[in-house]
> 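Here it is, the structure, as structure tokens.
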Amino acid sequence: MTRGELSRTIKHDIEVLVAEAVAKAQEAGELPALALPESPVERPPRPEHGDYASTLPLRLARAAGAAPLEIAGIIARHVQPTEAIASVEAAPPGFVNFRLSEAWLAAQVDAIVAAGESFGDVPLGLGQKVQVEFVSANPTGPLTVATGRGLAIGDTLASVLAAAGYQVEREYLVNDAGTQTETFASTLYARYQQLFGREVEVPAGAYTGDYVVDLAGEIRDDYGDKFLDGGQPYPPEVHDIGIQKMVRLIQDDLAAMGVRYDVWFSEHSLYQSGTYEKAMALLKERGFVSEKEGAVWFASSTLGEDKDNVLVRSSGRPTYFASDVAYHYDKFFVRAFDRVIDVWGADHQGHVPRMKAAVSALGVDPERLVIIIHQLITIRRGSQEVRVSKRAGDIVTLREVVDEVGPDAARFFFVTRAADSHMDFDIDLAQRQSAENPVYYVQYAHARIAGILAHAQERVADFVDGDVSLLSHEAELALIRRMLQFPELIESIALSLEPHPLPYYAMDLATSFHDFYEKCRVVSDDVALSKARLKLAAAAKLVLARALRLMGMTAPDRM
RNA sequence: GCCCCAGUAGCUCAGUUGGAUAGAGCAGCGGUUUCCUAAACCGCAGGUCGCGGGUUCGAGUCCCGCCUGGGGCCCCA
């Protein structure tokens, strides 16, 4: 096998080599003709075991009726040697260990530099249309810290999927049609009237945060007393203006976190475009709608749910669930996404089974809808827990955190935890540790390389002709090995849809670079070696920058 | 009561989908700068992987039970 377009990753190449070796051993009658179990090659934890290892013999032993070590020996003997592989060995109790050729490793630096920005891309998605919808917080208040998590997960996932060859759209659903926005508008209008000295009470369940008062002030400044006698509970313009301003605020907050959405989808538009009616009609046509107790129900119990769910209240108003059914109808039928990924907080987990049931009731394979649930964040100031409630007005805003610790540190923090894990966010600690945040460790490696390249510019003419075969130091090879993991990581994240390994990788890559820096003088009197090492440093800079950018962070040249 | 998630070093968390001697960051202790960025590097210390059973060549990882914490079980979103 030669290096080329067909090879996704060296890991993949080795998996192919193993499969071919088994097939040859079977032809030769040395192994029984058995169907092979799934057995991806893995990375041995200890360097003396090589770069990659197959555990296939261990999995095959019972069915083959032979000792694992013996099978490992047979497979190792049948592996076709390639320029990339230096050695193949059987090791007890039944591993097949592969060691990469150092000459081949060194040559990969040229490949990485040639690939440039596209190093790390893997042909997995093949242009499939994927939508990632995340955050989608109600436009009834500023974004809270809690939304930072969905933001980091969703945005990073979208970036990684794009790198993996998917056609990705980021989407924010603006809930501009529900009862929450009505309560919000009522509160806003009450505040507005109060600003003109009227004795008006805020409604029950009102949004008592000061930001509503500020917003009312803005409306007064912009429109004067125009809406003062606009009717009850609020004039429609106040509702719309309020939502609009709130959405703009949210957009600003998201921009401050480095997120750009492709689509801002209005819930209200589902009712104007006729999508809602079409979705309900399809559901009815397929026999999943029933009427009882004066309401319209989704017969989810026929799909294995423990109960039915209301679509249209007896008052005639659709529920949030009905909106969401129509919304997903739009995603799959109108816009025809191959795959839809919704990122929700754990407080919505109860909504997952019925949403999946609804999608399948619409006739869509429920596998095409992936709902990622992330656990909630507990916010503390020191030892004191902060209850976050938009309505009560006790909010720790995302903006507040960004302003204090910076977007890069915030993004890094949010994306580093697995979605399934609960998260403690201590604001005091975040401030104190912002300078200790590992993101700076990664960024520093990038800045260090930029410094070296600038330094070299004055001494070494150019290093495009650098001969990378001169790279043979352990630290150099370790850095190259680390970089070659990058495409594997992209592939792995695109499959698992769990972005949290990315920051860990970035730290490891930075460590490999710092170690190389300590042990290998880059710019020295040895011009040939300098050029080779400059090329290696430039490659590392590329990969660091890309890892950071995938997480929505900056890659500074100076710190 | 039922369902989902978690419990790993003092703290915050990873753990390659069941593999070889369980790791990182921070905190603690000690060391490294005539030299491209010391926001770095090297070393030391720190563990009954919540508890108890089970599955098998092999379990932090899978199954069962229990304990603790978070979330859910509305004609709320």
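Labels below follow one simple rule: chain letters A, B, ... track the order of the sequence lines, proteins then strands, and each chain is numbered from 1.
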> In whole Å, measure the gap between the P atoms of B:rU17 and B:rC62 for me.
13 Å
> Show your reasoning for whether ring-ring contact (aromatic ring centres under 6.0 Å, His included) applies to A:Tyr444 and A:Tyr441.
CA-CA 5 Å; A:Tyr444 178 66; A:Tyr441 175 79; 8.2 Å; no
> Under the criteria of a ring-centre distance below 5.5 Å and an interplanar angle below 30°, is A:Phe95 stacked with the base of B:rA20?
yes
> Which nucleotide, in any strand shown, forms a Watson-Crick or G-U wobble pair with B:rG7, with both distances under 3.5 Å?
B:rC67
> Using the C1' atoms only, state how far B:rA45 lies from B:rG31, rounded to an integer number of Å.
15 Å
> Suppose we define a pair by two distances each less than 3.5 Å, Watson-Crick or G-U wobble; what does B:rU17 pair with here?
none
> Centroid distance below 5.5 Å plus an interplanar angle below 30 degrees: do A:His500 and B:rA14 meet both conditions?
no
> When the C1' atoms of B:rC41 and B:rA20 are considered, how many whole Å apart are they?
29 Å
> Please tell me which of A:Leu453 and A:Lys292 maps to the more 5' nucleotide of RNA chain B, matching each residue to the nucleotide holding its nearest heavy atom.
A:Leu453
> Tell me which nucleotide, if any, is Watson-Crick or G-U wobble paired with B:rG58 when both distances must be under 3.5 Å.
none
> Take atom P in B:rG19 and the same atom in B:rU61, then report the distance between them in whole Å.
11 Å
> Checking base pairs now: Watson-Crick or wobble, both atom distances under 3.5 Å. What partners B:rA24?
B:rU12
> Between B:rU48 and B:rG1, how far apart are the two P atoms, rounded to whole Å?
31 Å
> Looking only at N and O atoms, is any donor in the side chain of A:Gln349 or the base of B:rC4 less than 3.5 Å from an acceptor on the other one?
yes
> What nucleic acid atoms does A:Asp557 come within less than 4.0 Å of, heavy atoms only: base, sugar-phosphate, or nothing?
base
> Taking side chain to side chain donor-acceptor pair (under 3.5 Å) as the cut-off, I'd like each qualifying pair that reaches into residues 491-506 of chain A, sequence neighbours left out, listed once.
A:Arg8-A:Glu491
> Taking the C1' atom of each, how far is B:rG58 from B:rC67, in whole Å?
28 Å
> Checking base pairs now: Watson-Crick or wobble, both atom distances under 3.5 Å. What partners B:rC75?
none
> Does the base of B:rU37 carry an N or O that pairs as donor and acceptor with the side chain of A:Arg558 under 3.5 Å?
no
> Could you check whether A:Asp424 gets within reach of a base, just the sugar-phosphate, or nothing at all, counting any heavy atom under 4.0 Å?
sugar-phosphate
> Any donor-acceptor pair under 3.5 Å joining the side chain of A:His422 to the base of B:rC5?
yes
> Residues two or more places apart in sequence or in another chain: which of them pass salt bridge (Lys or Arg N to Asp or Glu O under 4.0 Å) with A:Glu291?
none
> What integer number of Å spans the P atoms of B:rG65 and B:rC26?
41 Å
> Across the strands shown, which category fits A:His49 at heavy-atom distances under 4.0 angstrom: base, sugar-phosphate, nothing?
base
> Check this one for me: any side-chain N or O of A:Tyr517 less than 4.0 Å away from OP1 or OP2 of B:rA38?
yes
> Do A:Leu34 and A:Val22 come close enough that some side-chain heavy atom pair is under 4.5 Å?
no
> May I ask you to verify if any side-chain N or O of A:Tyr505 is less than 4.0 angstrom from the OP1 or OP2 atom of B:rA24?
no
> What interatomic distance, in whole Å, is found between P of B:rA22 and the corresponding atom of B:rA9?
15 Å
> Taking atom types as they are modelled, is there a donor-acceptor pair under 3.5 Å from the base of B:rA20 to the side chain of A:Asn97?
yes
> Under 4.0 Å between a side-chain nitrogen and a carboxylate oxygen: does that hold for A:Lys331 and A:Glu133?
yes
> With the threshold set at under 4.0 Å for non-hydrogen atoms, list the residues of residues 303-331 of chain A touching RNA chain B in residue-number order.
A:Lys307, A:Val310, A:Arg313, A:Ser314, A:Tyr320
> Specify the residue among A:Tyr444 and A:Arg43 whose closest nucleotide of RNA chain B lies further upstream toward the 5′ end.
A:Arg43
> With both distances under 3.5 angstrom, what nucleotide forms a Watson-Crick or G-U wobble pair with B:rG43?
B:rC29
> Does A:Ser421 make a side-chain N or O approach to OP1 or OP2 of B:rA14 shorter than 4.0 Å?
yes
> May I ask you to say what A:Glu488 touches in the nucleic acid, namely base, sugar-phosphate or nothing, with a heavy-atom cut-off under 4.0 Å?
nothing
> Applying a 4.0 Å non-hydrogen cut-off, can you work out what A:Met423 is touching in the nucleic acid: base, sugar-phosphate, or nothing?
sugar-phosphate
